[in-house]
Number of protein chains: 2
Amino acid sequence: MIRNSRQRNAIRDAIAQAGRPLLPQEIHQLAQQAAPRLGIATVYRNLQALQDADEVNQVMIPGDSPRFELAEQPHHHHFKCTACGGVTTLYACPGKLAELAPEGYQMHSHELTLYGHCEDCAKAH
Amino acid sequence: MIRNSRQRNAIRDAIAQAGRPLLPQEIHQLAQQAAPRLGIATVYRNLQALQDADEVNQVMIPGDSPRFELAEQPHHHHFKCTACGGVTTLYACPGKLAELAPEGYQMHSHELTLYGHCEDCAKAH
DNA sequence: CCGATAATGATAACTCATTATCATTAAAAC
DNA sequence: GTTTTAATGATAATGAGTTATCATTATCGG
């Protein structure tokens with residue numbers, strides 16, 4: 001039987017309020033405001049549970065370990081700042097990507113990541 | 001002083017002939033045909049050296065460890081088969097991606113990965 | 001051919017993210 | 001409040017990829 005816990009709620013809220021995909025350690029830090037003694041193992045356990053419940057999705061950025069964002073979002077991509085490392089959600093897509101696949105190949109999905117400087121890091125040039 | 005070695009040539013040739021990015025262990029296997037006692041440490045050492053010499057580039061596919069391909073190639077992207085795990089080079093790009101970045105952001109580069117079934121795996125459906 | 005030393009091969013060591021362990025804590029049904 | 005047991009926190013263990021170590025081998029200028 002599944003029970004509620006302050007920790008799981010704190011983890012879910014941290015992901016929901018971020019509006020961008022978070023690393024487990026980012027979730028750990030953010031959720032500690034609502035659940036002070038939160039351990040990193042509990043973060044991983046609940047990320048697994050929230051994925052199984054289709055509440056959160058894994059996001060892979062090339063070269064990075066998995067991040068997590070709310071499920072049930074429209075199709076989108078991500079921008080990774082090469083200065084601060086932060087990831088931003090982009091509600092945009094170039095479209096028509098299946099045409100890029102070679103003859104005989106079947107494209108089912110795609111991942112696009114833009115790299116550069118986020119607004120804050122661009123100002124600080 | 002830098003010397004030539006059968007092993008380094010075998011590693012460089014394996015990457016050049018593949019025409020697609022290879023994992024270190026794939027390079028290890030392929031290059032063993034020309035350098036039978038090749039050790040995996042030598043593969044890593046030479047990949048580092050070849051990168052420093054701008055002869056090969058690292059390619060990151062989301063969720064995977066680094067692959068290596070020849071440098072000095074035209075702009076391109078990759079297709080990853082979700083059945084066999086193989087990666088194919090795609091000499092195509094949707095273009096106009098800087099427009100997708102939010103106001104104030106500066107895009108410098110991008111990564112696109114298509115997922116689906118390669119020709120062989122599509123046939124075997 | 002010789003000598004200096006770059007490069008190699010085998011394997012131990014390391015890194016870092018993630019998972020397992022287990023005693024303790026705390027939901028929630030009664 | 002009591003009881004059951006799911007969930008937690010602290011930390012050890014794991015695993016995959018990569019790097020370091022060091023004795024041995026092989027390149028190449030002389």
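Just so we're on the same page: letters track the sequence lines, and every chain starts at 1.
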Asker: Side-chain heavy atoms under 4.5 angstrom apart, residues restricted to Ile, Leu, Val, Met, Phe, Trp, Tyr: same cluster for A:Val87 and A:Phe68?
Answerer: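 No, no single cluster joins them.
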Asker: Of the nucleotides D:dG17, C:dA7, D:dG9, which one has an atom closest to the side chain of B:Ser65?
Answerer: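 Of the options given, the side chain of B:Ser65 lies nearest D:dG17.
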Asker: So, is B:Gln25 near the phosphate of D:dT18, with a side-chain N or O under 4.0 Å from OP1 or OP2?
Answerer: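 Looking at the OP1 and OP2 atoms of D:dT18, neither is under 4.0 Å from any side-chain N or O of B:Gln25.
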Asker: Using whole Å, what does the distance between atom P of nucleotide D:dT8 and atom CD of A:Gln7 come to?
Answerer: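 Taking atom P of D:dT8 as the reference, CD of A:Gln7 is at 5 Å.
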Asker: Is any side-chain heavy atom of B:Leu47 closer than 4.5 Å to one of B:Pro24?
Answerer: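 They are in side-chain contact.
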Asker: May I have the distance from B:Leu50 (atom CG) to C:dA7 (atom P), rounded to whole angstrom?
Answerer: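 Computing the B:Leu50:CG to C:dA7:P distance gives 12 Å.
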Asker: Hey, are A:His75 and A:His77 close enough side-chain-wise for a donor-acceptor pair under 3.5 Å?
Answerer: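 Yes, because at least one side-chain N or O of A:His77 sits under 3.5 Å from a partner of the opposite role on A:His75.
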Asker: OP1 or OP2 of C:dT18 sitting under 4.0 Å from any side-chain N/O of A:Tyr44?
Answerer: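 Indeed, a polar side-chain atom of A:Tyr44 lies that close.
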Asker: OP1, OP2 of D:dA7 versus side-chain N and O of A:Arg8: anything below 4.0 Å?
Answerer: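 Answer is yes, contact under 4.0 Å.
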Asker: Any side-chain N or O of A:Ser5 below 4.0 angstrom from OP1/OP2 of D:dA7?
Answerer: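 Indeed not, no polar side-chain atom of A:Ser5 lies that close.
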Asker: Which nucleotide, C:dG9, D:dG9, C:dA7, lies nearest any side-chain atom of A:Arg45?
Answerer: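 Comparing C:dG9, D:dG9, C:dA7 against the side chain of A:Arg45, the answer is D:dG9.
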Asker: What is the separation between atom CD1 on B:Ile2 and atom C1' on D:dA26, rounded to the nearest whole Å?
Answerer: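 My rounded result for the distance is 16 Å.
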Asker: Tell me the interatomic distance from A:Asp64, atom CG, to C:dC16, atom P, rounded to whole angstroms.
Answerer: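 One finds 14 Å between P of C:dC16 and CG of A:Asp64, rounded.
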Asker: In whole Å, what is the span from the CD1 atom of B:Ile11 to the P atom of C:dG9?
Answerer: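 Rounded to whole Å, this separation is 8 Å.
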Asker: Side chain of A:Arg3, heavy atoms from C-beta onward: which of C:dA4, C:dT8, C:dA27 has the nearest atom to it?
Answerer: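 Of C:dA4, C:dT8, C:dA27, C:dA27 is nearest to the side chain of A:Arg3.
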Asker: Atom CE of A:Met60 and atom P of C:dA17: how far apart are they, to the nearest Å?
Answerer: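 Computing the A:Met60:CE to C:dA17:P distance gives 13 Å.
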Asker: Return the value, rounded to whole Å, for the distance between atom CG of B:Leu38 and atom C1' of D:dA26.
Answerer: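 These atoms are roughly 15 Å apart.
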Asker: Rounded to the Å, how far apart are B:Asn9 CG and D:dC28 P?
Answerer: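 The distance from CG of B:Asn9 to P of D:dC28 comes to 9 Å, rounded to the nearest Å.
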Asker: If only side-chain N and O atoms of B:Gln48 are considered, is one of them under 4.0 Å from the OP1 or OP2 phosphate oxygen of D:dT18?
Answerer: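 Answer no for this pair, as no side-chain N or O of B:Gln48 is under 4.0 Å from OP1 or OP2.
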Asker: Apply the side chain to side chain contact (heavy atoms under 4.5 Å, CB included) test between B:His78 and each candidate in B:Arg20, B:Met60, B:Arg67, B:Glu69; give the one that qualifies.
Answerer: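 Only one of B:Arg20, B:Met60, B:Arg67, B:Glu69 forms a side chain to side chain contact (heavy atoms under 4.5 Å, CB included) with B:His78, namely B:Glu69.
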Asker: Both B:Asn4 and B:Ile40 contact DNA chain C. Taking the nearest nucleotide for each, which residue is further toward the 5' end?
Answerer: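 Mapping each residue to its closest nucleotide by heavy atoms, the 5'-most match is B:Asn4.
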Asker: Centroid separation under 6.0 Å, is that true for the rings of B:Tyr115 and A:His108?
Answerer: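 A:His108 vs B:Tyr115: aromatic centres not under 6.0 Å.
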